[in-house]
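Hydrogens, waters and symmetry mates are skipped; everything else that's a heavy atom, side chains included, is used.
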Amino acid sequence: MALELKLYDTLTREKRVFVPLDRNNVRMYVCGPTVYDFAHIGNARPVIVFDVLFRLLRHIYGEAHVKYVRNITDVDDKINARAAERGVSIRDLTEQTYQNFKDDVGALGCLPPTVEPRATEHIEQMKVLIDRLVASGHAYVAEDNVLFNVPSMVDYGRLSKRPMDEMIAGARVEVAPYKKDAQDFVLWKPSKPGEPSWASPAGIKTPGRPGWHIECSAMAWKHLGETFDIHGGGIDLVFPHHENEIAQSRCSFNTDVMANYWLHNGFLQVEGEKMSKSLGNFFTIHDLLADWPGEVLRFNMLRTQYRQPIDWTVKGLEESWKTLDDWYWIAGDATGGAVSGQVMDALGDDLNTPQAITVLHGLRNRAQGGDDKARADLAASLRLLGFLNETAAQWAARRQTGADVDAAKVQGLIDARTAARKAKDFKESDRIRDELAAMGVVLKDSKDGTTWEIAR
């Protein structure tokens, strides 16, 4: 029986059965990074969540039939300011920051998206959309700016469902005398000296640059079409960014929807508090990877269902590492299994990763009891979720990092112990185990051999 995938749609505020527009071309767009600095751990949540969905869709529809687009914002006020602060070119800053991001999310076990479009490579598409909006009366030119005329869209605000006064107050758009309405937002603006600039649309003579919202509309259109299946991102993007994307795209193409399903992950806090530099609890992915394996960060994120708020704690990370140690020991090198149907059912219920993890614990217990099929299925299910990217031996060796232990000596003692056990010299075998324990080395025996780690 085929899996029924249900996803919570922010637009309709309900779980809906996922039915793609085209089973042979399932399309998803997720808002990516603004490349001016290292991404923080909150930024990692949508990256991991939508990587799980990407993997699930590929499993259901086939790898060749799923297209995942995650953009790169490489023109932005924050980028301009950071480049000036560091005394480097904007291009050098964005190139290095983008590479840092790729390295960090790769360490989290995330697959590369099908396409990673850059905003600066889609200026012409942005200008086409802007010209269409001006021509249709949904946008207007004022003092070399082009602004979207919000009142021209009668159902603006359907995604966020905010009262009008809240939308005006929360729009975070520049107050300017040339606006026709307080909610109107910038599609294009004149560039200041030293800023990136391009020939402007809508007959404007002054060079300029795009607003943030139009970038995603243009990149989604270029790579996924006028209407596509899924648009995702963090809950903080619902308003104004995603609301404005919908307005631009629908009014450009005269469509009822931009995407058929809108998915948003919840907020992240650290040790019970909002993450901020002033509180000293602001952590980048790069910072955390110095102390924790990427798979630990990934697992810790997936212990909470993606729409719920998550509290990021050291205790949680320690528990996640302990669980992964156990799973690597039980199933790290197992092959030939199939993804558990119960795991698939859990993921099919709006990516219920906590329920999937409960199923994995059950498989683990059966595997330890000698059930080889459960062991193989545990490994296959973990790999679907982006785990077991190393061998059991490689994972165990992580415990050696920073420890004053001679790995060659440890392996020599393990080999001697193995020989003693084969010779049924259990006294010598126990003596070697005790010697290793005194060194802080914990052994784990399985039918595939012995692995080791440093006791934490």
Taking every non-hydrogen atom, the tightest pair across Leu388 and Ala379: CD1-CA, 3.7 Å
I want to know whether His40 and Phe282 have ring centres closer than 6.0 Å. yes
Check Thr323 against His361 and note the closest heavy-atom contact, atom names and distance. CG2-CE1, 3.8 Å
Search all heavy atoms of Asp229 against all heavy atoms of Val26 and return the closest pair with its distance. OD2-CA, 3.5 Å
Between the side chains of Glu390 and Tyr328, is a donor N or O closer than 3.5 angstrom to an acceptor N or O? no
Of all pairs that satisfy salt bridge (Lys or Arg N to Asp or Glu O under 4.0 Å), the ones with a partner from residues 57-66, not counting sequence neighbours: Arg58-Glu63
Test the Arg298-Phe387 pair against the cation-pi criterion, namely NZ or CZ under 6.0 angstrom from the six-membered ring centroid and within 45° of the ring axis. yes
When rounded to the nearest 0.5 Å, the distance separating CD of Glu295 from OG of Ser320 is 11.5 Å
Would you say Asp377 and Ser340 are linked by a side-chain donor-acceptor pair, where the criterion is simply a distance under 3.5 Å? no
Could you check whether atom NE2 of His286 has more than 12 heavy atoms from other residues, nucleotides or ligands sitting under 6.0 Å from it? no
So, taking the atom named CD1 in Ile330 and the one named CG in Asp333, what distance separates them when rounded to the nearest 0.5 Å? 12.0 Å
Assess the residue pair His242 and His213 against the criterion (side chain to side chain donor-acceptor pair (under 3.5 Å)); give the C-alpha distance rounded to whole Å, side-chain angles, the decisive distance to 0.1 Å, and a yes or no. CA-CA 8 Å; His242 288 169; His213 312 303; over 6 Å; no
Give a yes-or-no answer on whether the side chains of Gln96 and Asn100 include a donor-acceptor pair shorter than 3.5 Å. yes
All pairs passing salt bridge (Lys or Arg N to Asp or Glu O under 4.0 Å) where residues 267-279 contributes a residue, at least two apart: none
Give me the atom names and distance for the closest heavy-atom approach of Val115 to Lys67. CG2-CE, 3.8 Å
Is a donor from one side chain sitting under 3.5 angstrom from an acceptor on the other, for Asp184 and Tyr140? yes
Step-by-step side chain to side chain donor-acceptor pair (under 3.5 Å) determination, Asp287 to Thr284: CA-CA 5 Å; Asp287 291 335; Thr284 67; 3.0 Å; yes
So which pairs with a foot in residues 87-102 pass salt bridge (Lys or Arg N to Asp or Glu O under 4.0 Å), sequence neighbours left out? Arg91-Glu95, Glu95-Arg118
The ring-ring contact (aromatic ring centres under 6.0 Å, His included) partner of Tyr68 among Phe50, Phe54, Tyr29 is Phe54
Could you walk me through whether Tyr156 and Asn244 pass the side chain to side chain donor-acceptor pair (under 3.5 Å) test, one step at a time? CA-CA 8 Å; Tyr156 179 86; Asn244 291 349; 2.5 Å; yes
Which heavy-atom pair separates Thr10 from Lys161 by the least distance, and what is that distance? O-NZ, 4.4 Å
Looking only at heavy atoms, the pair that brings Ser191 and Pro196 closest together is OG-O, 2.7 Å
Run the ring-ring contact (aromatic ring centres under 6.0 Å, His included) check on Phe148 and Trp188 step by step: do they pass? CA-CA 10 Å; Phe148 186 89; Trp188 189 269; over 10 Å; no
Salt-bridge test for Lys322 and Asp325: reply yes if a basic N is under 4.0 Å from a carboxylate O, no otherwise. no
Can you tell me if Glu245 and His231 form a side-chain donor-acceptor pair at under 3.5 Å? yes
